[in-house]
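Structure first, commentary second.
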2 protein chains.
Amino acid sequence: MNVVNESPRRKELTRLAAQLFVQEGFDRTTVRMLAQEMGIKSGSLFHHFRDKQEILAAVIEEGTQNALMLARQALEECGDSTSERLHAMARAHLQTLLTDRNAHVVALYEWRRLDPAARDHLSHLRDAYEALWEQVIDEALQAGLIHGDRFLVSRFVMGALNWTVRWYDPEGPRKPEDLAHELVAMIAPATHVQPGQSTKV
Amino acid sequence: MNVVNESPRRKELTRLAAQLFVQEGFDRTTVRMLAQEMGIKSGSLFHHFRDKQEILAAVIEEGTQNALMLARQALEECGDSTSERLHAMARAHLQTLLTDRNAHVVALYEWRRLDPAARDHLSHLRDAYEALWEQVIDEALQAGLIHGDRFLVSRFVMGALNWTVRWYDPEGPRKPEDLAHELVAMIAPATHVQPGQSTKV
DNA sequence: GGTTTACACTAGCGCTTGCTTGGTTGATCT
DNA sequence: AGATCAACCAAGCAAGCGCTAGTGTAAACC
């Protein structure tokens, strides 16, 4: 059984699984549905994954790794100002929801279906991501850009962002950039944003 | 089959079902588990509900009706100022999450498990609740209390609030009142809050 | 006093589930 | 040419699923 490695085939299967998990939910997605989507028979599935749980864990790990990487990259590439860093984080978050939507939706909705071992492992990844947010929010608090309780503000912001998967329509007129702008404007109204952009209301 | 009426027995069963749906998720909760929790045999369950779907719909309807009622009541009882109305809505929302937690978590997490007919019926209820929010946010926008896009701001606020079920600990030191205060302070920092309370930071 | 109603029971049908088993294929390596 | 190995398949098992049929019983109603 090809349980340990990270073959390209396994990656492709993980991507397909994410799509099905979003459409049907984890519990309603049967191994036979997964196999069919992948163009193989259900028995063959267990050559790539130890069990159904491991497919879920693979989907979530993939998505979270990706988000973490993109957020770190966004922070490195943006300017030093606190306002720019807030923007960069919000934009990166929303862009991953756009480009890597399935894995993220699964991570948000099916987290509780993970068994304790997988949950423990993956929560470290998630904590690393949330730590990035808390750090940037800390900076914004110290700079007087936003006000309030560190813990509560970061939870509220994460909530507002994560909730977007429920209503955001990538085909609509609003771009991730617009949402990020609006969110930062909402919590830090006095902010001067990136050069070249006016503070729209 | 006692499918139509709203017997007290049925209400009690709905409450128990909500608890199990939160613990296990809808799909993982079997009719046998539900029956055992209710102290009856699985066959007897179908005297009270047509099928398993109907139990889910009952749970969600109960919770949403409740939230809508409490929000309307809160708006009637609070003062006329926009700031007070914002506060009242946030406080009411968080208090329902505290007192009627199970039904709300089910409504948030298991919405997609509803069949189309039930979803259609219940979405009207939910829309009525969200309309209350949009109305209050509209007032706040017009009063210049907060700024931004009407649609986006209300979605962000709903997200921040709904997300609280993921991290809020009712046993902890923070009261719903505190969260409501902090949220309003975050999006409307210049607000003068209720008499007798200082703007804490 | 007979009928209806509400609520519960027992027993199990028909089907689906995650997963296993034992074996085949075709490419790659030595 | 033989060995190795990932990838796949056909067949099916044991368990569990939602739900039904038919029955019992005590209280409520006419």
Side-chain angles (χ1 to χ4, degrees), chain A residues 1-60 106 110 112-119, chain B residues 1-60 106 110 112-119:
Chain A
M1 317 235 166
N2 181 17
V3 150
V4 191
N5 74 12
E6 279 291 334
S7 68
R9 184 83 176 115
R10 187 177 143 125
K11 267 218 161 140
E12 172 65 8
L13 297 181
T14 302
R15 210 183 51 80
L16 286 170
Q19 193 188 340
L20 260 183
F21 287 163
V22 169
Q23 269 175 42
E24 309 287 333
F26 176 70
D27 288 324
R28 292 221 153 138
T29 305
T30 69
V31 293
R32 285 167 180 81
M33 293 164 67
L34 286 164
Q36 190 177 29
E37 191 76 11
M38 297 164 177
I40 58 180
K41 300 295 175 179
S42 73
S44 314
L45 222 162
F46 295 91
H47 171 71
H48 300 279
F49 302 93
R50 195 191 321 272
D51 53 23
K52 196 186 166 192
Q53 273 280 331
E54 199 180 78
I55 308 181
L56 177 60
V59 168
I60 295 183
V106 172
E110 312 287 356
R112 302 176 52 227
R113 306 292 168 249
L114 289 168
D115 60 33
R119 183 151 33 189
Chain B
M1 316 228 168
N2 181 16
V3 149
V4 190
N5 74 11
E6 280 291 334
S7 68
R9 183 90 176 109
R10 188 177 144 124
K11 269 220 160 136
E12 172 65 8
L13 298 182
T14 303
R15 212 183 50 80
L16 286 170
Q19 193 187 341
L20 260 183
F21 287 163
V22 169
Q23 268 174 41
E24 309 286 333
F26 177 70
D27 289 324
R28 293 219 153 141
T29 304
T30 69
V31 292
R32 287 166 178 82
M33 293 165 66
L34 285 165
Q36 190 177 29
E37 190 76 11
M38 297 164 176
I40 59 180
K41 300 294 176 180
S42 73
S44 312
L45 220 163
F46 295 91
H47 170 72
H48 300 279
F49 302 92
R50 194 190 322 272
D51 53 24
K52 196 188 166 192
Q53 273 279 332
E54 199 181 79
I55 308 182
L56 176 61
V59 167
I60 295 184
V106 172
E110 312 288 356
R112 301 177 53 227
R113 306 292 166 248
L114 289 168
D115 58 34
R119 183 151 34 187

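Throughout, a chain's letter reflects where its sequence line sits, starting with A, and its residues are numbered from 1.
- Spacing between atom CG of A/Leu45 and atom P of C/dT20 amounts to 12 Å, rounded to whole angstrom units.
- In this structure, A/Gln36 atom CD and D/dC9 atom C1' are separated by 15 Å, rounded to whole Å.
- Summarising the geometry, the separation between NZ on B/Lys11 and C1' on C/dC7 is reported as 20 Å, rounded to the nearest angstrom.
- An OP1 or OP2 oxygen of C/dC19 is reached within less than 4.0 angstrom by no side-chain nitrogen or oxygen of A/Arg50.
- Residue B/His47 places at least one side-chain N or O closer than 4.0 Å to OP1 or OP2 of C/dC7.
- With A/Val59 as reference, A/Val106 is the one residue of A/Val106, A/Leu13, A/Leu16, A/Val22 to meet the side-chain contact (heavy atoms from CB on, under 4.5 Å) rule.
- Computed from coordinates, the B/Met38 CE to C/dC9 C1' distance equals 17 Å when rounded to whole Å.
- At least one donor-acceptor pair closer than 3.5 Å links the side chain of B/Arg10 to the backbone N or O of B/His48.
- The CD1-C1' distance, from B/Ile40 to C/dA8, rounds to 8 Å in whole Å.
- Looking at A/Glu37, its side chain never comes within 3.5 Å of a backbone N or O of A/Leu20 through a donor-acceptor pair.
- Dashed line: the shortest gap from a side-chain N or O of B/His48 to OP1 or OP2 of C/dA8 is under 4.0 Å.
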Between B/Arg15 and B/Glu12, does a salt bridge (Lys or Arg N to Asp or Glu O under 4.0 Å) hold up when you go through it step by step?
CA-CA 5 Å; B/Arg15 212 183 50 80; B/Glu12 172 65 8; 3.3 Å; yes
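- Mapping B/Leu13 and A/Ser44 onto DNA chain C by nearest heavy atom places B/Leu13 at the nucleotide closer to the 5' end.
- Counting heavy atoms from C-beta outward, A/Leu34 and A/Phe21 have side chains that approach closer than 4.5 Å.
- At least one donor-acceptor pair under 3.5 Å links the side chain of B/Gln53 to the backbone N or O of B/Asp115.
- Separating the CD atom of B/Glu54 from the P atom of D/dC19 is a distance of 11 Å, rounded to the nearest angstrom.
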Give the B/S/- string for nucleotides 11-18 of chain C, one per nucleotide from 5' to 3', where a protein heavy atom under 4.0 Å of the base yields B, of only the sugar-phosphate yields S, and otherwise -.
-B----BB
